[in-house]
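Here is the structure we will look at, set down as structure tokens.
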Amino acid sequence: MAIEQTLLLIKPDGAARRLTGLTIDRLDASGLEMVAAKMVSVSEKMAREHYQALSDKPFFEGLIKYIRGEFHGIKDHRVLALVYRGEGAIRKVRDVAGATNPEQAAPGTIRGSFGRITTSGQFENVIHASSDPADAAREVALWFRKDEILP
Ligand code: IDP
Ligand code: MG
């Protein structure tokens, strides 16, 4: 398996529900290495860039509000961003996360245990995890400068 890097975000519902420590603990157990971490104040531009592939979806505007913490009273739009590195890191973090739709996410995954679909139809699924090598490269470069990531 290739050594990969992948972006993980603790989404505003995860932060509001105090799931930051639990998420880091699960990833610790996966054996992956944390090579970057910072709190980011997510601008509207950043949010739209991060989710650019979904801009034509009906839930897009809600998603932008969600990731900026507007549904969870998050001060300064802050989000914890992390980069994990290791063999098969992209798949491993996705496995810990579970499926996108929290109702379909396997029991025991973070999304399966703690995610929900709101009455307005927004998927609140606790964490973001890059989905493939192209996404991971783009997302890591969007959220971190090179000199913020350990060699
Ligand atoms: P992913 O986060 O598992 O990679 P994506 O398809 O990239 O899933 O979607 C990004 C985010 O957009 C999801 O994590 C979720 O918060 C939201 N989302 C995706 N699909 C839907 C949907 O059908 N309804 C509402 N929100 C969705
Ligand atoms: Mg995705």
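Judged by distance alone, with hydrogens and angles left aside, the side-chain atoms of N101 form a donor-acceptor pair with the main-chain N or O of E103 at under 3.5 Å. Looking only at distances, no side-chain donor or acceptor of R17 sits under 3.5 Å from a matching main-chain atom of V126. Side chain of R68 to main chain of I74: no donor-acceptor pair is present (N/O by atom type, distance under 3.5 Å, no hydrogens or angles). A side-chain donor-acceptor contact under 3.5 Å links R111 to the backbone of G98. T6 places no side-chain N or O within 3.5 Å of a backbone atom of A89 that could act as its donor or acceptor partner. For the pair R116 (side chain) and E124 (backbone), a donor-acceptor distance under 3.5 Å is absent.
The side-chain heavy atoms of L19 and I10, taken from C-beta on, include no pair separated by under 4.5 Å. A heavy-atom distance below 4.5 Å is found between the side chains of I24 and Y84. Looking at heavy atoms from C-beta onward, I127 lies out of side-chain contact with F114 at the 4.5 angstrom threshold. Counting only heavy atoms from C-beta outward, the side chains of V93 and S30 never approach each other to under 4.5 Å. Side-chain contact between I149 and W143 is absent, with no heavy atoms from C-beta onward closer than 4.5 Å. T100 is listed as a side-chain neighbour of R94, based on a closest heavy-atom distance under 4.5 Å. Residues L9 and V42 fail the side-chain proximity criterion, which asks for heavy atoms closer than 4.5 Å.
The distance from the CD1 atom of I90 to the OG atom of S130 is 6.5 Å, given to the nearest 0.5 Å. If you take CD1 on I67 and CE on M46, they are separated by 9.5 Å, rounding to the nearest 0.5 Å. Annotation: the span from R26 atom CZ to S113 atom OG amounts to 5.5 Å, rounded to 0.5 Å.
Residues F144 and L27 do not share a hydrophobic cluster, defined by chaining ILVMFWY side chains whose heavy atoms lie under 4.5 Å apart. Residues L8 and M39 share a single hydrophobic cluster, defined by chaining ILVMFWY side chains whose heavy atoms lie under 4.5 Å apart. The cluster map of Ile, Leu, Val, Met, Phe, Trp and Tyr, joined by side-chain heavy atoms under 4.5 Å apart, puts V79 and Y66 in the same cluster. No chain of hydrophobic side-chain contacts below 4.5 Å, direct or via other Ile, Leu, Val, Met, Phe, Trp or Tyr residues, connects F123 to F59. Side-chain heavy atoms closer than 4.5 Å link hydrophobic residues (I, L, V, M, F, W, Y) into clusters, and following such links, even through other members, never connects I117 to I110.
Scanning all heavy atoms of the two residues, the minimum distance from A105 to G112 falls at CB-N, 3.4 Å. Annotation for K92 and E87: closest pair NZ-O, 3.1 Å, computed over non-hydrogen atoms.
For E49 and K45, the salt-bridge test passes: some basic side-chain N is under 4.0 Å from an acidic carboxylate O. Ionic pairing of K11 and D13 is not present here: no N-O contact between side-chain nitrogen and carboxylate oxygen is shorter than 4.0 angstrom.
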Task: Stepwise salt bridge (charged side-chain N to carboxylate O under 4.0 Å, His left out) test for E44 and R48 - done: CA-CA 6 Å; E44 174 114 22; R48 288 178 184 279; 2.9 Å; yes

Checklist entry - Given the rule in the side chain to side chain contact (heavy atoms under 4.5 Å, CB included) test, do L142 and Q52 qualify, once you have shown the distances and angles that lead to the verdict? => result CA-CA 12 Å; L142 177 65; Q52 63 181 24; over 6 Å; no

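By the 6.0 Å contact criterion, NZ on K38 is enclosed, its count of non-hydrogen atoms from other residues, nucleotides or ligands being greater than 12.
Legend: ring-ring contact (aromatic ring centres under 6.0 Å, His included) pairs involving residues 7-47, not counting sequence neighbours: none detected.
Aromatic ring orientation, H128 versus Y51: perpendicular (interplanar angle above 60°, classes split at 30° and 60°).
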